Amino acid sequence: MQNSDLSFLEQLNQEQRAAVEHTEGPLLILAGAGSGKTKVLTCRIAYLIREKQVKPWNIMAITFTNKAAGEMRERVDALVGMGAESIWVSTFHSSCCRILRRFIDRLGYDNSFTIYDTDDSRQVMKEVIRELELDPKVYKERAILARISAAKNELQDPEAFEAECTSWYDRKIAEAYLAYQKRLARNNALDFDDLLVKTVELFEQEPEIMEHYQERFRYIMIDEYQDTNTAQFRFVDLLAAKYRNLCVVGDDDQSIYKFRGANIRNILNFEQSFPGAKVIKLEQNYRSTQSILNAANEVIAHNAGRKEKRLWTQNAEGPKIGFRQFGSGYEEAEYVAGEIRQRVRNGGASWKDFAVLYRTNAMSRTFEEKFITANIPYKIVGGVNFYARREVKDMLAYLKTIDNGLDDLAVIRIINIPKRGIGQTTIGRIGQYAGEHEISFYEALKCSDRIPGIGRAAAKIHGFTNLITRLRGAAGDGFSVRELLEMVIKETGYAEELKAEDTDESRARIENLDELIAKAEDFGKTAEDTSLSAFLQQVSLVADIDSVEEGSDCVLLMTLHSAKGLEFDNVFMVGMEEKTFPSYMAINGEDTSELEEERRLCYVGITRARKELTMTAAQMRMLRGEPEFLKASRFVREIPREMVRLERETSDTRNFLKSPQVPLDRLMGMGKADQGRAGSGERAPLFERPKQQKTGGFQMREFRVVKADHLDYAEGDQVRHVKFGVGTVQEIKDGGKDYEVTVDFENYGIKRMFASFAKLKKV
DNA sequence: TATATAGTGTTTTTT
DNA sequence: ACACTATATA
């Protein structure tokens, strides 16, 4: 595309175009679901560069997830061409990370700081609780961390927090907050929230650094603005203070992260915060059918205090919203599996056109089981993050220790992995010594000879420190991250040990290690800064949703939260029951704000669907081991009856939709003896769990692709692999569960892999 | 020191 | 139902 070509403007509607062309001063774009806001943002960037001669490096675009950032990056690259790479397109967290990595030494941290995930934070908090001798029954680390996180989101430091304490309990939390920060600092670590907090702190403390970035980012765009919290607001506010060219895009109806500190007032009060702001509404939806949109509008209309807007579309009416209630979650899952299977077989749809959305991660289990038995390829998004898996974290802990031994948590994690005979008592003694001498744990290890009570363990410790020293040497010699990782795996015998275990679980873990190596390799090829620290930092900011690859033909299962920003032809919203969705947490009490947030979540879910939306509910669900009887969600009831199509009407669903409410006792009326069969007819017994594949309960929930009927390549064919590029198929072996394919890659040599994982494409 | 077992508490959503 | 913790035991 020519550098002055503005033809892309022609594909925009009037409002979209106005948003693109309004480049100076604050701008609020209220973009309803599916109204093409990503298109507007990317076009706006192109317009700034082409028409307004803005330099690419003066532009910053912030999105919510890495995935969204990646998508925008791609579109911007395609549209802008040369120079696009100097535009900052990233998440809040990675932007802050990038800034801090350069300047955090001004705040007394080392620039090679590490980032703690939730797990690490909990670990630290446990230590704090022990240190302060708090009763762990009263002071739960989760609860304390939640309070601290809330404080940080409001930019409250420990002192400010303490000043506001009224109860003794709160004062203890303030103490814990302070101690927690000290420990993080000692480990040269930041938690997620700190990334924002410290950046703001940096800007406020070092005005010339702030000015540097203000000059740099003269045009700032923020996506999903409704989900920003106070810290993020401040960050943006500071950055944009000088040039005031701030464009925020959001939809108050899609604000679903209040629990994480998102402040809906940021968007509702934008015009007050940035006087003279122009407001543009995008109300035409290009994504969904009329029916879906109507349902969404109806549901969200039940919320008070929104910015008035009504989505409309020129799309076809499409089928009505489907709703069906089942006796149990198992029947529900069975139905969804069957329905998807059928629609793929008859309707010519492919697996990837389907998504199953639920309120809580715990619900994925049942669906997963049914999908396995129905032989449906699927992928569960969320749950345990790839980088949170044990073996991955172990390897990362090694890399962290090699990078700098400052992170005690990482060192302690791996000091006895593999088993070196260094146990709790030894670790305790070293930790004590380190504390007394105010040195890091790793430093203490090096003078373990002088630590009382170590004795025999000293030799073992030396073995460990020697290993680390050797690996550090290698890192210094310029070995790549991937090579270092492979050395760690080899030197520690980690993979060997797993191989010897020879279980499904251990094999899955080895797969994960390979995956990690592939990621390290990829990093070495694509990253600007290929240092070990850079790798570790990048890795800690990757969310699960980010790794959902296009192209793998699977049904996606995820929470409603993860689904934000995505769209699918066919959506199943499952678990549409009171107490499940809206969650029981949101129902009770006068406070309707939580309920409204649930309703927005429902709105987000509905608007994910392009063509067909099906809602399902169960009358009974196992909750914490106990059966719970549930009535259908009020959100279903908020959709007018005539917009809903009952799939295979049953007496339950008919009654439910006729009367405004099914009396609870009608459902409760099923006596204990009856529990096994909810509803009527010859249904499968409720309590019989499907034959569960025992996989150690670990890996199999993450990523399973069912063996294909056939492969579209044969021995001798040229194939392409996502990471390894092009190669020649040498051998295909039918290993029963899957095909084992041996490929000779042009650049990577011979690799043996499972067909379902490798996703090879014939070229 | 490492492992097995019983007992305990817990769940909403996540960058 | 599950994961985590404390305790007993090899």
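All figures in this text were calculated on a predicted structure; none of them were measured in a lab. We name chains A, B, ... by the order of the sequence lines, and we start the count at 1 in each one. Reckoned from all heavy atoms, side chains included, excluding hydrogens, waters and symmetry mates.
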Give each protein N/O atom lying under 3.5 Å from an N/O atom of nucleotides 6-10 of chain B, with the pair distance.
residue: dT10(B); atom: OP1; partner: Lys140(A); partner atom: NZ; Å: 2.7

Quiz item: Expressed in angstrom and rounded to an integer, what is the separation of Leu357(A) atom CG from dT13(B) atom C1'?
Solution: 13 Å
Practice problem: Check whether any side-chain N or O of Lys564(A) sits under 4.0 Å from OP1 or OP2 of dT13(B), and answer yes or no. | Solution: no
Quiz item: Heavy atoms under 4.0 Å, any strand shown: does Lys258(A) hit a base, just sugar-phosphate, or nothing?
Solution: nothing
Quiz item: Would you call the rings of Phe217(A) and Trp88(A) parallel, tilted or perpendicular, where under 30° means parallel and over 60° means perpendicular?
Solution: tilted
Practice problem: Using salt bridge (Lys or Arg N to Asp or Glu O under 4.0 Å) as the criterion, point out the one residue from Asp193(A), Asp157(A), Asp194(A) that pairs with Lys152(A). | Solution: Asp194(A)
Quiz item: Counting just side-chain N and O atoms, does Asn361(A) come under 4.0 Å of either OP1 or OP2 of dT13(B)?
Solution: yes
Quiz item: With respect to the phosphate group of dA2(B), does any side-chain polar atom (N or O) of Asn416(A) fall under 4.0 Å of OP1 or OP2?
Solution: yes
Quiz prompt | Result of checking Met573(A), Met615(A), Glu578(A) against Ser633(A) for side chain to side chain contact (heavy atoms under 4.5 Å, CB included) | solution = Glu578(A)
Practice problem: Would you kindly give the CD1-to-P distance between Ile256(A) and dT14(B), to the nearest whole Å? | Solution: 9 Å
Quiz item: How is Tyr584(A) classified with respect to the nucleic acid when contacts are heavy atoms under 4.0 Å: base, sugar-phosphate, or nothing?
Solution: sugar-phosphate
Exercise. Decide yes or no for Phe113(A) and Leu107(A): does some side-chain heavy atom of the first lie under 4.5 Å from some side-chain heavy atom of the second?
Key: no
Quiz item: Checking all strands, does Asn153(A) fall into the base, sugar-phosphate, or nothing category for heavy-atom contacts under 4.0 angstrom?
Solution: nothing
Practice problem: Answer yes or no: does a side-chain N or O of Ser562(A) lie under 4.0 Å from OP1 or OP2 of dT13(B)? | Solution: no
Exercise. Please work out whether the ring planes of His561(A) and Phe259(A) are parallel, tilted or perpendicular, with thresholds of 30° and 60°.
Key: perpendicular
Quiz item: The side chain of Lys126(A) lies closest to which of these nucleotides: dT13(B), dT15(B), dC4(C)?
Solution: dC4(C)
Exercise. Classify the angle between the aromatic ring planes of Tyr358(A) and Phe367(A) as parallel (below 30°), tilted (30 to 60°) or perpendicular (above 60°).
Key: parallel
Practice problem: Specify whether Tyr213(A) and Phe203(A) have parallel, tilted or perpendicular ring planes, treating 30° as the upper limit for parallel and 60° as the lower limit for perpendicular. | Solution: tilted
Quiz item: What is the distance, rounded to the nearest whole Å, between atom NZ of Lys579(A) and atom P of dT13(B)?
Solution: 18 Å
Exercise. Report which part of the nucleic acid Glu594(A) touches: base, sugar-phosphate, or nothing (heavy-atom distance under 4.0 Å, all strands).
Key: base
Quiz prompt | From dT11(B), dT13(B), dA2(B), nucleotide with atom closest to Phe259(A) side chain | solution = dT13(B)
